[in-house]
Amino acid sequence: MSPGDPMPDPSDLLEWYDRHARDLPWRVPPAARKAGVAPDPYRVWLSEIMLQQTTVAAVRDYFLKFTARWPTVTDLARAEDADVMAAWAGLGYYARARNLLKCARTVASEHQGRFPTDHATLLTLPGVGPYTAAAISAIAFDRPETVVDGNVERVMARLHDEHQPLPQSKPVLTRYAEALTPDTRPGDYAQAVMDLGATICTPRSPACGLCPWRSDCAAWDAGTAAELPKKSPKKRKPTRFGIAYLARRVDGAWLLERRPERGLLGGMLGWPGSDWGDAPFEAPPIRAEWKALPEDARHTFTHFHLRLSLRTALVPMDRTPERGEFIPAEAFSPDDLPTLMRKAHALASKG
DNA sequence: GACTCGTGGGC
DNA sequence: TGCCCAAGAGT
């Protein structure tokens, strides 16, 4: 920070937030907050975990489903692993769901079912990193912590016309954000900066004409808002190949397998099959007359494309699988599977 | 610091 | 179609 740097007024943003705060299921609106309504730390924590690298639109229904089924952190702590993983299926980044349960059980057993209020203690919880610790402390407990997510990075890069690319610029953007964090209404302020980034100071075609901080924005002055923040170039994704075996028993049961805790889709149910690489091979998980499907399941993960070759078979009752276990038709729903495995199921059921 | 780790929507 | 992006954390 140096003299002459833009110094926007947090009050201007709070005033904007009072008029334009989005209506979100996990949010206590500013008027209610002023009237003394305190957020439920459980709901704040749950929403923040779900929102990691995930859009509000994708999270909304999952949040409602989870809070209806597990209204408190102790309810969640008592849940079966398989039930939570199934409820999370489709939302992605499944380590979050595993850590969600670990965290709920830690809060229940070591913190008397109440979330810690301070940043340092929150950081010790599974799945809670610097951003989420600050968000819970600020939003749930109205402490003056600085949240730095992708929105805040973008807003700060523009306010200061910072052209150094992310992630190298992260430390300086964090200092800019810290310098702005107010002692009054820090929880609303944290949500306000993120709302600004999500609705006005957007990645593409920002609506600078509507921005309460426009007159204090260096990128607005320079005409560079839309090209910030700069980011380091990304590598392109390779394509990997795999084989999956979808066995259906004559009584309708499906042969599924719980994936290892670590790694891609860790802890989720899936179809037995090969590893994913250049030239996969894997013997079938059960003796049967296997038929190759004409169409591969295609799916793109964060860092590679996958083409999954599918094999199907109808197997008699008296045969024991070498891998996985049969799940009865009435206990199976493709909604309990990660999206890739749903795609494979849809193709097998169609064919 | 560099990787790994999902998914759906927008352009 | 292909790339970018989204309230990041763990290793």
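Naming: A, B, ... by sequence-line order, numbering from 1 per chain.
For the 3.5 Å distance criterion, the side chains of A:S309 and A:R311 qualify, holding a donor opposite an acceptor. Between the side chains of A:K237 and A:H303, no donor N or O sits under 3.5 Å from an acceptor N or O.
A:H305 has its ring centre no less than 6.0 Å from the ring centre of A:F241. Two rings, from A:Y62 and A:W88, have their centers 6.0 Å or more apart.
Annotation: B:dC5 and C:dC5 have their C1' atoms spaced 16 Å apart (nearest Å). Taking atom P on both nucleotides, B:dA2 is separated from C:dA7 by 23 Å, rounded to a whole Å. Nucleotides C:dT1 and B:dG6 place their P atoms 23 Å apart, quoted to the nearest Å. To the nearest whole angstrom, the two C1' atoms, one in C:dA6 and one in B:dG1, are 22 Å apart.
For the pair A:N99 CG and B:dT4 P, the interatomic distance rounds to 19 Å; values are reported in whole Å. Distance, A:R307 CZ to C:dG2 C1': 14 Å, rounded to whole Å. Atoms CZ (A:F301) and P (C:dC3) sit 17 Å apart, rounded to a whole Å. For the pair A:L340 CG and B:dC5 P, the interatomic distance rounds to 14 Å; values are reported in whole Å. Atom pair A:K102:NZ and C:dA9:C1' shows a separation of 12 Å (rounding to whole Å applied). Protein atom NZ of A:K237 is 10 Å distant from nucleotide atom C1' of C:dG2, rounded to whole Å. Atom pair A:Q168:CD and B:dG1:P shows a separation of 8 Å (rounding to whole Å applied). The nearest whole Å value for the distance from the OH atom in A:Y131 to the P atom in C:dA6 is 13 Å.
OP1 or OP2 of B:dT7 lies within a sub-4.0 Å distance of a side-chain N or O belonging to A:Y94. At C:dG8, one or more side-chain N or O atoms of A:Q53 fall inside 4.0 Å of OP1 or OP2 (strictly under the cut-off). A close approach under 4.0 Å does occur between a side-chain nitrogen or oxygen of A:K234 and OP1 or OP2 of C:dC5. Within the 4.0 Å cut-off from OP1 or OP2 of C:dA6, at least one side-chain nitrogen or oxygen of A:K231 is found. Side-chain N/O atoms of A:K235 include one lying less than 4.0 angstrom from OP1 or OP2 on B:dC3. The side chain of A:H299 places an N or O atom within less than 4.0 Å of a non-bridging phosphate oxygen (OP1 or OP2) of B:dT7. Using a 4.0 Å cut-off, no side-chain N or O of A:R98 falls inside it from OP1 or OP2 of C:dG10.
If you find the closest nucleotide of DNA chain C to A:T55 and to A:T132, the one lying nearer the 5' end belongs to A:T55. Both A:A58 and A:G263 sit near DNA chain B, but only A:G263 has its closest nucleotide nearer the 5' end.
Among the atoms of the strands shown, none is found under 4.0 Å from any heavy atom of A:W45. At a threshold of 4.0 angstrom between heavy atoms, the contacts of A:V152 with the nucleic acid are absent. Counting any heavy atom pair closer than 4.0 Å across all strands shown, A:P167 reaches no nucleic acid atom. If you check every strand for non-hydrogen atoms under 4.0 Å, A:I49 touches nothing. In this structure, A:R342 reaches neither bases nor backbone, as no heavy-atom distance under 4.0 Å exists between it and the strands shown. When heavy atoms are screened at a 4.0 angstrom cut-off, A:L123 is found touching no nucleic acid atom at all. A:G197 comes within contact range of no nucleotide atom at all, as no heavy-atom separation falls under 4.0 Å.
Taking only side-chain atoms of A:T339, from C-beta outward, the nucleotide of B:dG8, C:dA7, C:dG8 with the closest atom is B:dG8. Distances from the side chain of A:H303 to the nucleotides B:dT7, C:dA6, B:dT4 place B:dT4 closest. Nearest to the side-chain atoms of A:P203 among the listed nucleotides B:dT7, B:dC11, C:dA6 stands C:dA6.
Atom CG of A:L101 and atom CH2 of A:W70 lie 8.0 Å apart (nearest 0.5 Å).
Side-chain to base pairing of A:R22 with C:dA7: one donor and one acceptor N or O lie within less than 3.5 Å of each other. Counting distance only, with no hydrogens placed and no angle test, the side-chain atoms of A:T54 and the base atoms of B:dG8 include no donor-acceptor pair under 3.5 Å. In terms of polar N and O atoms assigned as donor or acceptor, the side chain of A:T302 comes within less than 3.5 Å of the base of B:dG6 in a complementary pairing.
Summarising the local packing, CZ of A:R287 is surrounded by 12 or fewer heavy atoms from other residues, nucleotides or ligands at distances under 6.0 Å.
Within the cation-pi definition used here (under 6.0 Å to the ring centroid, within 45° of the axis), A:R43 does not qualify as a partner of A:W26. Taking the ring axis of A:W213 as reference, the NZ or CZ atom of A:R154 does not stay both within 45° of it and closer than 6.0 Å to the ring centre.
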